[in-house]
Amino acid sequence: MREASLCATCVQRASIIVFKESPLMRPGLAPWVAFASLLFVACSSPVPATLEFVDQSPAQPRLGEITTLRFRAVDSRGQPQAGTPVSFSLQSEVPGVELSPEEGVTNAEDGIVSVQVVARGGRVASVVVVATATGDGESKTAVSPVVSFAGTTSSARQFTFQCGSFSGPGSGLHHAIGAWDETRNLIAGVKVSCIAHVGDRNGDGIIGAQVSFLTEAGTIGPSAVSATDVVGNAEVLYKSSLPLPEDVQPVDFTWSPTKDETHTGEYVAPLWMHPFLWTENPLASYGTQINPYERRPEPRRNDPIRPGKVNNPRDNLVSLIAITSGEEAYDDNNNNGQWDTGEEFEDLTEPFVDNNDNGTWDPHERFVDSNGDGKWTGKNGRHDASTLIWVQERILWTGWAHALDGPEVFRQIRPLPTVDPTTFIVDHFGSQTVEFLVSDPWYNRIAQNSEEDGCNGGASGPVKVAPTLTGVALTYPSFKFESYRVQDIHEPPTDGGEQPPINSPPAPWTVAPTCYYTAAQLEGHSVVIVGPTVSGLVR
C-alpha cells in the first residue's frame, strides 16, 4: 500500500520540481532530479513473466449472449502481478463480434483481468481473443481457445423425434411394440423410450429446451414434459395403455399427399411400413409384380373374431408429437442468419395429434392452441421467428394371430405344402432352407426388438435348425419373411477322424421350429410363433 501511494503522487511531484527550476541548476539540485527519475522508473509497470488464459463463461455461448474471458498476469516469482495494463484484440476480425473493454488492468488480489465478447450477428461466429501486456520495451501475449457462438433459437428443420435407441442414445429405429395378445386384448405397460432432439438452424443442440409430448394412444409420462440435455436430447417414456389407437378405414397410399393451408403433407403411412408395396391381400399376392409408383390399396381383411371389424395396418399406427418453442424452417439464401422476404420457408399448422393419418386436424383430435383463440388454426402464410414448432413420430402396436385367423396371416413358401416329403432331401453334411410368411392380425410384421429374435429348435430326426434371419427389425412391411436352415446333424471330421456314414436308406426328419419375437426393448415379453411343420429325408 505504501508503494502504491507513492506511485500515485510521484508523477505530480516530479513534474513540479522539473518545471519550477531554471536551466541553471543550483548546487544540490542534482539529487532531487535523480530521485524524480527513480520515481518514474519505479512507477512504470514491468512486463509480467507470464500472461495466461484462465477461463471462459459461459462455456457454450449463443448469439447475443455476453461471454467473459479472463487472463492472469504472473510475475517472475510466480505470484499474481497487479496493476499490469493489458490490451485485447481479435486474432482475426469477425463481423458482428465486439470486445469490451479493449484495455484493462490486472487486479491486486489475483492478477486477473477480464474482457467481454458479444456476437451480435445473425450467423454463427468463431473468434480467438489475443491479450497483450507491454512494459519496459517488452510485451507478453496470451491467446484464448476458439470461442464459438451457436444460434439463438430452436429450428423446426432440426427438430427430430424418434422412439427407441438403436445405434446409441438419441437414435431411434424401433418402430413397433407388442401390445395385443391373440384375442386382441391389450397388454398394458409395454415400454419404449422416445427421444426428441432440439437443435438450432446451424445444427447445434439446444441445452435446457422444454419439450412437451402428446399421443393418440397409450401414455407418455410421467410428466409429458422433458428438458434437453447437453447435446439437445429430451427423453420420455412411452408405454401401452388406454386409450387405444383409433380404428380407421383403409385408404390408398400415394406419393402426392395433400399439402395446403390445413394439411401437413405427411404420407398416410411412414415409409418404413412399405406402403408403396401395399396390396389388399399381401400374403396371397406375394411373388406378383407390384408397381410402387401407382396408388397402392391398403391391406384389409374381415376380423374372424370381432364381428363387423375390418382389420388394416393403420388400425394400430399410433401418432405421437413433440412440441417446443422455436422458429419455422427457412432457406437462408443470403446467409445473414435471418429470414428475408422471398426466402422459402416451411409454414407450420398449430400442433395436433393426427389420429386418422389424414394430414389435417379433425374435431376429435388433440391440439395445442398456439395463438390462444380457442380453436385449431392452420398455416398463417408467414414466417414465424418465434412460435410453437412440432414434429410427429409414429409407432405400431402389434399382436399375434389366433387359430381362427388361419392361412390369411400365414403362408408356407419353401417347400410348398404340396411337396412330397420324400423329395425334400438334406444331403450328407448339407442343408435345406425353409421359408414362410407370417403376419399379425392387422397385416403388420410382428414387433421384433431383440438381436436374438428368430426361429430355432423343433427338430425331430438326425437334423438341426439353424436360424438365418435374426435381429432387430428395421422396417415393418405387411408381413415377416421368415427363413431358417435344416442341417444334417453330422459334421465333417476336422482331426482326420473317421467320417460319419451316409444314412442308407435316407433317414426321415420333421421340423416345427419355435420363432421368438420380443415385444419391446424395455422389459419386453416374447411372442412365440410355431413355424410350419416340414418333413423330409437326410442322407
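Heavy atoms only: backbone and side chains are in, while hydrogens, waters and symmetry mates are out. Being a predicted model, the structure only gives us computed values, none of them experimental.
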Going by distance alone, is a donor N or O of one side chain under 3.5 Å from an acceptor N or O of the other, for [X] and [Y]?
X      : Y      : result
Asn316 : Trp180 : yes
Thr153 : Glu327 : no
Asn185 : Thr183 : no
Glu343 : His383 : no
Ser241 : Thr219 : yes

- [ ] Apply side chain to side chain contact (heavy atoms under 4.5 Å, CB included) to Asp357 and Leu317, showing your working.
- [x] CA-CA 9 Å; Asp357 316 305; Leu317 182 61; 4.0 Å; yes
Using atom types as modelled and distance alone, determine if a side-chain donor or acceptor of [X] lies under 3.5 Å from a backbone N or O of [Y].
X      : Y      : value
Asp488 : Glu491 : no
Thr262 : Thr360 : no
Thr470 : Gly454 : no
Arg300 : Glu298 : yes
Asp303 : Arg306 : yes
Ser154 : Asp200 : no
Ser319 : Glu216 : no
Arg414 : Thr433 : yes
Arg295 : Asp252 : no
Glu435 : Ile413 : no

Task: Check against side chain to side chain donor-acceptor pair (under 3.5 Å), Asp405 and His402 - done: CA-CA 5 Å; Asp405 288 302; His402 188 274; 5.5 Å; no
TODO: Take Trp400 and Ile529 through the test side chain to side chain contact (heavy atoms under 4.5 Å, CB included) and record every step on the way to the result.
DONE: CA-CA 8 Å; Trp400 66 91; Ile529 302 294; 3.9 Å; yes
Are there more than 12 heavy atoms of other residues, nucleotides or ligands under 6.0 Å from atom [atom1] of [X]?
X      : atom1 : result
Tyr516 : OH    : no
Glu65  : CD    : yes
Lys239 : NZ    : no

For the student: nearest non-hydrogen atoms of [X] and [Y], plus distance:
X      : Y      : answer
Pro351 : Ile321 : CB-CD1, 4.1 Å
Gly265 : Lys259 : CA-CB, 3.8 Å
Ala401 : Val409 : CB-CG2, 3.5 Å
Asn444 : Leu396 : ND2-CD2, 3.7 Å
Ser240 : Leu186 : CB-CD1, 4.3 Å
Ala269 : Arg314 : CB-CD, 4.4 Å

Task: Chi angles and distances behind the side chain to side chain donor-acceptor pair (under 3.5 Å) call for Thr518, Asp453 - done: CA-CA 7 Å; Thr518 305; Asp453 287 352; 2.7 Å; yes
- [ ] Identify the residue among Glu482, Lys480, His525 that makes a side chain to side chain donor-acceptor pair (under 3.5 Å) with Tyr517.
- [x]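 It is Glu482, the one option of Glu482, Lys480, His525 that forms the side chain to side chain donor-acceptor pair (under 3.5 Å) with Tyr517.
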- [ ] Answer yes or no: is there a side-chain heavy-atom contact under 4.5 Å between Asn312 and Trp442?
- [x]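 No, every pair of side-chain atoms sits at 4.5 Å or beyond.
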Supply the atom-to-atom distance [X] [atom1] to [Y] [atom2], rounded to the nearest 0.5 angstrom.
X      : Y      : atom1 : atom2 : result
Leu283 : Ser478 : CG    : OG    : 8.5 Å
Asn333 : Glu344 : CG    : CD    : 8.5 Å
Asn291 : Leu277 : CG    : CG    : 10.0 Å
Thr215 : Ile220 : OG1   : CD1   : 5.0 Å
Glu294 : Thr254 : CD    : OG1   : 11.5 Å
Asp384 : Phe345 : CG    : CZ    : 8.0 Å

- [ ] Could you walk me through whether Leu388 and Glu350 pass side chain to side chain contact (heavy atoms under 4.5 Å, CB included), step by step?
- [x] CA-CA 8 Å; Leu388 288 182; Glu350 286 186 330; over 6 Å; no
[X] vs [Y] aromatic rings, parallel, tilted or perpendicular, using cut-offs 30° and 60°?
X      : Y      : result
Tyr238 : Trp397 : tilted
Phe352 : Trp376 : perpendicular
Phe253 : Trp255 : perpendicular

Using a strict cut-off of less than 4.0 Å between a Lys/Arg side-chain nitrogen and an Asp/Glu carboxylate oxygen, indicate whether [X] and [Y] qualify as a salt bridge.
X      : Y      : answer
Arg394 : Asp354 : no
Asp331 : Arg157 : yes
Lys309 : Asp315 : no

TODO: Might you work through the side chain to side chain contact (heavy atoms under 4.5 Å, CB included) test for His274 and Phe276, ending with a clear yes or no?
DONE: CA-CA 5 Å; His274 295 201; Phe276 46 86; 4.3 Å; yes
- [ ] Report yes if the distance between the aromatic ring centroids of Phe161 and Trp390 is under 6.0 Å, otherwise no.
- [x]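 Ring centroids of Phe161 and Trp390 are no less than 6.0 Å from each other.
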